[in-house]
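Since the structure comes first, as structure tokens, the remarks are kept for the end.
Basis for what follows: all heavy atoms, side chains included, without hydrogens, waters or symmetry-related copies.
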Amino acid sequence: MTQSRHAPDPLDAIRIGDKKAFDLFFLRHYSILCGYAGQFVATDDAEEIVQDVMVWLWENRDNIVIQTTLIQYLFRSVRNKCINHIHKERLKEKVFHSLSIHQETLFDDPDCYVVEELSRKIEESLNGLPESYREAFILSRIDGKTYNEIASLLQVSSKTIDYRIQQALKILRVQLKDYLPLLLPFL
């Protein structure tokens, strides 16, 4: 009977702080993860997302709990970060478009600082929402999905989606009260 030799789990080595094991793992998987992320976002963004995920892995190696393989976990993490990036970009575009229309009546060109500040405030407020409220709100207001589509996607009733979005709107109206005239198309 021959004894099979399994390659050591890279996560075990990374968990104990083996920088060489991490560097080797990074070099081995960086390109494929960038290629995967590139299916969702621009190449520069894909590279930044993969680097962020890998840095996060290294910085959180002591506390990370993975129920799949490390590479499956990283693919899922990269996909989720790409989706978040896409949502942020869509939000910025909508805010910029809304401000452009609003400010056309006041000025000839939109104030980019207002766009950045407002985008940051909206992003902070969205990130502060409970996960279920945020998810329903983004799918509705940013992705343009109907309540029934969201309900089907999240496997809950459309009344639950309505409740979550209404609660998100209440919270956002309070947190973004200073910007309400500019945000009426969203809220």
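- For I165 against S140, the heavy-atom pair with the smallest separation is CD1-CB, 3.4 Å.
- A heavy-atom distance below 4.5 Å is not found between the side chains of L11 and Y73.
- Here H87 contributes atom NE2 and F137 contributes atom CZ; the two are 12.0 Å apart, rounded to the nearest 0.5 Å.
- Counting only N and O atoms by type, the side chains of T69 and Q72 include a donor and acceptor under 3.5 Å apart.
- At least one donor-acceptor pair under 3.5 Å links the side chain of D18 to the backbone N or O of K20.
- Atom CD1 of I71 sits about 10.5 Å away from atom CZ of R28, to the nearest 0.5 Å.
- For the atom pair CD (Q167) and CG (L172), the distance works out to 11.0 Å, reported to the nearest 0.5 Å.
- Distance alone, capped at 3.5 Å, places no donor-acceptor pair between the N60 side chain and the N63 backbone.
- Nearest approach of I66 to R15, heavy atoms of both residues: N-NH2, 4.4 Å.
- Nearest approach of R61 to I14, heavy atoms of both residues: CD-O, 2.8 Å.
- In this structure, L153 CG and N148 CG are separated by 12.5 Å, a value rounded to the nearest 0.5 Å.
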Show the atom names and distances, to 0.1 Å, of all donor-acceptor pairs under 3.5 Å that link a side chain in residues 31-59 to residues at least two apart or in another chain.
unit_1 : atom_1 : unit_2 : atom_2 : d
D45    : OD2    : H85    : NE2    : 3.1
Q51    : NE2    : Y30    : OH     : 3.1

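- Note that CD of Q166 is 11.0 Å distant from OH of Y133, once rounded to the nearest 0.5 Å.
- The OG1 atom of T160 sits 12.0 Å away from the OH atom of Y147 when rounded to the nearest 0.5 Å.
- A 4.5 Å side-chain heavy-atom check between E135 and L139 finds at least one atom pair inside the cut-off.
- At least one side-chain heavy atom of R164 sits under 4.5 Å from a side-chain heavy atom of V156.
- In this structure a side-chain-to-backbone donor-acceptor pair under 3.5 Å is present from E149 to T146.
- The shortest non-hydrogen separation linking L129 to R134 is O-NH1, 3.1 Å.
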Inset, instruction - Starting from the C-alpha separation in whole Å, work towards a yes-or-no answer on side chain to side chain contact (heavy atoms under 4.5 Å, CB included) for R76 and T68. - result: CA-CA 10 Å; R76 190 173 341 112; T68 62; 3.4 Å; yes

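- For Q155, the CD atom is loosely surrounded, since the number of other residues' heavy atoms within 6.0 Å does not exceed 12.
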